[in-house]
Amino acid sequence: MKKEEDVELLSVEEREVRVTHPGKLYFSREIKLSKLDLVRYYLSVAPGALAGIRDRPIVLKRFVNGAEAEPFYQKRAPSERPEWLRTATLSFPSGRTAEELVVDDAAGLAWIVNLGCMELHPHPVRSGDLDHPDELRIDLDPGPGVGWADVRAVALEVKSVLEEAGLRGWAKTSGSRGIHVNVRIEPRWTFTEVRRAALALARAVERRVPALATSKWWKEERHGVFLDYNQNAKDRTTSSAYSVRPLPDARVSAPLEWNEVPDCNPADFTVLTMPQRFAEKGDPHAGMDAAAGSLEQLLELAARDEREGLGDAPWPPHFKKAEGEGSRVAPSRARSAAKKSAVKTVRTKMPLIVIANSPSKEAALEGLERWKVRHPEAAALLAIDDVLVDRMRGRSSLWTRIRVNLRHVPEDSRPPQETPDPDDDPTIAQET
């Protein structure tokens with residue numbers, strides 16, 4: 001006899017949504033949350049969550065085994081889907097295309113959460129015009145050891161620069177360690193132009209608070225809070241408002257009023273607390289669609305930067321090299337190559353060694369701690385930003401690489417490159 005399938009049927013705005021394995025735990029460490037709990041969370045904040053994804057193609061980031069396991073990205077819409085879910089076909093820099101889901105209502109939202117989509121990753125375009133973004137995205141990404149107070153301070157500088165450019169920013173916690181500031185813009189500019197405006201903004205903020213903020217693409221050159229302008233490249237997505245993040249306390253990406261930013265704590269916004277906040281306060285970003293602005297002043301700032309010698313900054317590696325773009329080789333590698341070509345034996349000023357490669361960030365960090373035990377003298381000389389924790393993207397999954405910059409360790413005391421511990425780089429398996 002066939003075992004009866006474990007299903008919860010929900011009626012959502014006159015549509016029936018099947019939640020399979022509703023009791024399956026998606027969070028099990030600090031708190032216990034099932035798949036059905038997550039579906040009900042999203043339904044409780046649906047007007048706000050839908051405001052960030054409605055009429056936009058969406059990448060499915062699926063945590064099919066819960067928040068404590070590695071997710072995978074699915075660009076193409078599942079072939080088996082309700083007839084009332086529509087799609088849009090996007091093209092990418094690689095020349096490939098993908099038919100992606102477009103979620104417009106609460107039933108569609110519940111349906112993708114049932115697939116394991118804890119995070120929502122919409123593109124910054126509407127389905128009617130896939131070539132002109134209507135959203136500029138500013139991702140404030142703090143480096144290792146950078147405090148939350150610095151992230152908030154940089155966010156307020158972003159607000160100030162935007163206002164001077166005639167634009168309004170809408171801040172939200174990322175749900176992790178950073179802050180996102182989204183800007184509704186008129187859909188008049190290409191992805192390349194929107195990215196150019198974001199780079200100009202990042203450089204303007206860096207000039208104002210150089211000790212706190214950086215626009216440098218290479219991690220070995222960064223300090224403080226990185227303003228990731230490349231999140232505006234064509235195929236990039238970020239987690240939208242109310243997204244659940246895979247942290248043990250089930251934090252969510254929380255929309256904020258600007259007067260909340262100076263004192264907010266990202267740990268206050270979780271699956272357990274957000275429904276009541278939403279019921280009492282509503283959506284702080286409800287007015288975003290009515291505040292579309294122009295990029296003209298930021299693009300004028302970009303043109304001024306170029307006249308003063310600041311050309312384009314590096315693009316993500318899978319994009320074609322752009323006109324005026326700087327080198328895509330990490331500065332330390334470029335220096336090393338130049339020295340080798342000149343038959344020099346002087347070591348590079350920024351010697352980097354790989355400590356760990358793993359699909360599990362926790363396992364990679366444990367490998368770093370083992371390296372520190374083996375090399376206590378070198379470890380004691382490292383600055384906070386000498387430890388580079390890189391979140392790498394494979395074809396279908398994320399993995400973590402940890403490197404150490406030995407620039408502060410005397411040359412004759414630098415530990416050699418050892419076999420990374422662990423050494424589970426998934427791209428090696430993909431290439432063989």
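Using a 4.5 Å cut-off on side-chain heavy atoms (C-beta onward), D312 and L199 make contact. Considering only heavy atoms from C-beta on, R414 comes within 4.5 Å of P351 through its side chain. The closest side-chain heavy-atom distance from F72 to V64 is below 4.5 Å.
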Donor-acceptor list for residues 363-371 side chains, cut-off 3.5 Å, not counting sequence neighbours:
| residue | atom | partner | partner atom | Å |
| --- | --- | --- | --- | --- |
| R370 | NE | D421 | OD2 | 2.8 |
| R370 | NH2 | D421 | OD1 | 3.1 |
| R370 | NH2 | D421 | OD2 | 3.4 |

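Between W170 and H285, the two ring planes are perpendicular [angle over 60°; tilted spans 30° to 60°].
Closest heavy-atom contact between P122 and G52: CG-O, 3.5 Å. Shown here for R137 and R236, the closest heavy-atom pair between the two residues is NH1-O, 4.4 Å. The heavy-atom pair separating V252 from T270 by the smallest distance is CG1-C, 3.9 Å. Across every non-hydrogen atom of L256 and C264, the tightest pair is CD1-SG, 3.9 Å. Looking at every heavy atom in both residues, E186 comes nearest to A292 through N-CB, 4.1 Å. Here the closest heavy-atom approach between residue Y229 and residue S215 is recorded as CE2-O, 3.5 Å.
Counting only distance, with no hydrogens or angles, the side chain of E220 and the backbone of N405 share no donor-acceptor pair below 3.5 Å. Between the N114 side chain and the T20 main chain, a donor and an acceptor come within less than 3.5 Å of each other. The backbone N or O of P210 sits less than 3.5 Å from a side-chain atom of H223, completing a donor-acceptor pair. Between the side chain of K35 and the backbone N or O of G116, no donor-acceptor pair lies under 3.5 Å. The backbone N or O of P78 sits less than 3.5 Å from a side-chain atom of R81, completing a donor-acceptor pair. No side-chain donor-acceptor contact under 3.5 Å links W189 to the backbone of E296. Side-chain atoms of R29 do not come within 3.5 Å of backbone N or O of D249 as any donor-acceptor pair. Here the side chain of R245 pairs no donor or acceptor atom with the backbone of R251 at under 3.5 angstrom. With hydrogens and angles ignored, the 3.5 Å screen pairs a side-chain donor or acceptor of S44 with a backbone N or O of Y41. R222 places a side-chain N or O within 3.5 Å of a backbone atom of K216 that can act as its donor or acceptor partner.
Applying the side-chain contact (heavy atoms from CB on, under 4.5 Å) criterion to L310, with sequence neighbours excluded, gives R203, R207, D305. Residues meeting the side-chain contact (heavy atoms from CB on, under 4.5 Å) test with D390, sequence neighbours left out: K219, L388, M392, R401, R403. Qualifying side-chain contact (heavy atoms from CB on, under 4.5 Å) partners for P57, counting only residues two or more places apart in sequence or in other chains: A88, L90, E100, H123, V125, L130. By the side-chain hydrogen bond (donor to acceptor under 3.5 Å, both in side chains) test, T190 is found to be paired with E193, residues two or more places apart in sequence or in another chain being considered. For R391, the side-chain contact (heavy atoms from CB on, under 4.5 Å) partners two or more places apart in sequence, or in a different chain, are E70, K361, L398, T400.
A salt bridge links K159 and E163; the closest N-O separation between the charged side-chain nitrogens and carboxylate oxygens is under 4.0 Å.
A distance of 6.0 Å separates CG of L136 from CG of L295, quoted to the nearest 0.5 Å. The structure places CG of D386 at 4.5 Å from CZ of R407, a figure rounded to the nearest 0.5 Å. Rounding to the nearest 0.5 angstrom, the gap separating the NZ atom in K234 from the CH2 atom in W315 is 10.5 Å. Between the CD1 atom of I58 and the CD1 atom of I112 there is a distance of 4.0 Å, given to the nearest 0.5 Å. Distance CG/D55 to CG/D134: 9.0 Å, rounded to 0.5 Å. Distance check: S239 OG to K172 NZ gives 4.5 Å after rounding to the nearest 0.5 Å.
E99 and T87 share a side-chain donor-acceptor pair at under 3.5 Å. Between the side chains of D283 and Y242, at least one donor N or O sits under 3.5 Å from an acceptor N or O. Judged purely by distance below 3.5 Å, without hydrogens or angles, the side chains of Q74 and R62 pair a donor atom with an acceptor atom.
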Evaluate side chain to side chain contact (heavy atoms under 4.5 Å, CB included) for Y42 paired with L120, printing each intermediate quantity in order. CA-CA 11 Å; Y42 272 109; L120 308 177; 3.7 Å; yes

Where do L38 and F27 land on the side chain to side chain contact (heavy atoms under 4.5 Å, CB included) test, with the steps shown first? CA-CA 10 Å; L38 292 178; F27 289 84; 4.2 Å; yes

As a quick check of understanding, evaluate side chain to side chain donor-acceptor pair (under 3.5 Å) for S240 and R56, giving each step before the final call. CA-CA 11 Å; S240 62; R56 301 182 185 278; over 6 Å; no

What's the verdict on side chain to side chain contact (heavy atoms under 4.5 Å, CB included) for V209 and V225, showing C-alpha distance, side-chain angles and the deciding distance? CA-CA 10 Å; V209 283; V225 179; over 6 Å; no

From CA spacing to verdict: salt bridge (Lys or Arg N to Asp or Glu O under 4.0 Å), R184, E135: CA-CA 5 Å; R184 186 66 75 245; E135 189 166 270; 2.6 Å; yes

What's the verdict on side chain to side chain contact (heavy atoms under 4.5 Å, CB included) for W399 and D424, showing C-alpha distance, side-chain angles and the deciding distance? CA-CA 9 Å; W399 58 285; D424 301 323; over 6 Å; no

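For the side chain to side chain contact (heavy atoms under 4.5 Å, CB included) test with D139, the passing option among V181, D228, N232, L227 is D228; the others fail.
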